[in-house]
Amino acid sequence: MTRTHITTVINGDEVDFLAEDSTSLLDALRDEVGLTGAKEGCGTGDCGACSVLMDDRVTCSCLVFAPEADGATILTVEGLADSGELHPLQQCFLEGAALQCGICTPGFLIAAKALLEKNPDPTETEIRYGLAGNLCRCTGYDKIVRAVQEAAIQMREQ
Amino acid sequence: MKYAAPSSVEEATTLLSSSPSAQVFAGATDLVPQIRGGYPTPDVLVDLKKIDQLVSLANDADKWTVGAATPTVRLTEDQAFSQEFPGLSEAAGLIGSDQIQSRSSLGGNLCNGSPAADSVPAMVVNGVRALVAGPKGSRVIDVADVVTGPGEISLASDEFIVEFEIDRMPTRTADAYLRMIPRTEMDIAVVGVGARIGLSDDGTIAEALVVLGAVAPTAVRVNGAEDALIGSTADDDTLAVVAAAASEACNPIDDKRGTIAYREQVAGVLAKRAVRIAMERAEQRNGDV
């Protein structure tokens, strides 16, 4: 199989990689770039565990063919923390115990970041609808919603 | 499988004709699950999103044009579009999660051919037209004429939709879209109803369109409801006729999401509600929008 040369900016760094045309962006991130934060849950766009920001839009990276990312700017969960300091969402998830097994967490963090950038002061209902594309089989969602509410307060105060 | 990202409609047309199993795609939100589910993988995948016209959203004095691959999130985010076509905007906003809406498109939602596609009834009530490109040139067809059955469309395999044309919404006219799903979010419609109501100067209904989704092999117009609404004020008696006509127009499947009887009943209830919403909106559109 021929491999295509793909040039991207991932988490602020220019990153080049090779991938077969049929490879998903998710697999390319994990296997070629070595960023294993985004997870494969369903592989069909239902669970959101593979969420990344692609050109500032929250996207299931399992639904993106790797060559589509040529020229794109991508943010994965690895790019959330700033110089070793956790993002408020990450800190609030930790302090609020908003995770158990953790598989869904990178996707929730990315989707929550996208949500708060669009709507810095969401209601609980808006958070629940905004995160409807992310499935969690452990927490029952309440702690995740509360962590996002707390992070939203902190981010508005910053 | 080879990925190709043409930068013009002409280039895309050539690529699509290059192999019998070449296929265009926009967000791949239906395509990837289909490939994963065992459908044959196309030889050539033609990504339409690098063609400016395919990802546009614009208007002039006469019409809006929406690129066939424009992500649906742009329809819900655009305030001018959402105010003018709240029903179509709501339908676009019901297609999957935020993650999906970053990728899903009107062209994909239509050409996937699902009877339950949310945007289709909302497009049909608004008389939306599709500009279709192919090796023999381009043509314009009504969205209502695209889907011919579940997963079946009237476009030839070497044709694709470039953009949609939507005439500007007249004053005292408005649309609405409602759907029923067993969950509160992230599910496929059991019933979808698009409605569009236009009022005459005396407040009676001059234009009425009611289209059902998910209750027949394709979206269906409810002529009996439309005929009853014209000339009325959508009073309770008229809405009872609308509901009965909507239930009657159903030819649904019986599955785990909804039985035939349930779908028929819900179609009637939702048709009444969608007409009422479109009517209220039409009363508020007094020409300054």
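Basis for what follows: all heavy atoms, side chains included, without hydrogens, waters or symmetry-related copies. In what follows, chains carry the letters A, B, and so on, assigned in the order in which the sequence lines appear, proteins first and then strands, with residues in each chain numbered from 1.
- Inspection of non-hydrogen atoms places A/E40, A/C42, A/G43, A/T44, A/G45, A/D46, A/G48 of residues 32-48 of chain A under 4.5 Å from chain B.
- Looking only at heavy-atom pairs under 4.5 Å with chain A, the residue among B/R36, B/Q34, B/K50 that has the most is B/R36.
- The number of heavy-atom neighbours closer than 6.0 Å to OH of A/Y141, taken from other residues, nucleotides and ligands shown, is above 12.
- Remark: the backbone N or O of B/Y3 is paired with a side-chain donor or acceptor of A/D21 at under 3.5 angstrom.
- Contact of the B/L31 side chain with the A/F65 side chain is registered, since non-hydrogen atoms from C-beta on lie closer than 4.5 Å.
- Contact of B/A5 with chain A is not made at all, since no heavy-atom distance falls under 4.5 Å.
- Of residues 71-79 of chain B, those residues lying under 4.5 Å from chain A by any heavy-atom pair are B/V73, B/R74, B/E77.
- Interatomic distance, A/S24 OG to B/I35 CD1, rounded to the nearest 0.5 Å: 11.5 Å.
- Taking a cutoff of 4.0 Å between a charged side-chain nitrogen and a carboxylate oxygen, A/E20 and B/K2 do not qualify as a salt bridge.
- Contact annotation for residues 109-119 of chain A against chain B (heavy-atom separation below 4.5 Å, listed by residue number): A/A111, A/K118.
- B/V32 has its side chain out of reach of A/V64: every pair of non-hydrogen atoms, C-beta onward, lies at least 4.5 Å apart.
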Report task. Take B/Q99 and A/N134, measure what side-chain contact (heavy atoms from CB on, under 4.5 Å) needs, and give me the verdict at the end. Result -> CA-CA 9 Å; B/Q99 283 89 336; A/N134 296 79; 2.9 Å; yes
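- Proximity to chain B is absent for every atom of A/V52, based on heavy atoms less than 4.5 angstrom apart.
- The neighbour count for A/D56 CG, taken as heavy atoms of other residues, nucleotides or ligands under 6.0 Å away, does not exceed 12.
- The contact between A/T59 and chain B is made by backbone and side chain atoms together, counting heavy-atom distances below 4.5 Å.
- Here the closest non-hydrogen pair linking A/G133 and B/S97 is CA-CB, 3.2 Å.
- The backbone N or O of B/M1 lies less than 3.5 Å from no partner atom in the side chain of A/S22, so there is not a single donor-acceptor pair.
- Between chain A and the residues B/G96, B/G37, B/P33, the most heavy-atom pairs under 4.5 angstrom are made by B/P33.
- Atom CG of A/L63 is separated from atom CD1 of B/I100 by 5.0 Å, given to the nearest 0.5 angstrom.
- For CZ of B/R273, the number of neighbouring non-hydrogen atoms (other residues, nucleotides, ligands) closer than 6.0 Å is 12 at most.
- Of the listed residues B/K49, B/Q101, B/M186, the one with more heavy-atom pairs under 4.5 angstrom with chain A than any other is B/M186.
- Contact annotation for B/D47: only side-chain heavy atoms (C-beta onward) come within less than 4.5 Å of a heavy atom of chain A.
- Residues meeting the salt bridge (Lys or Arg N to Asp or Glu O under 4.0 Å) test with A/R156, sequence neighbours left out: A/D121.
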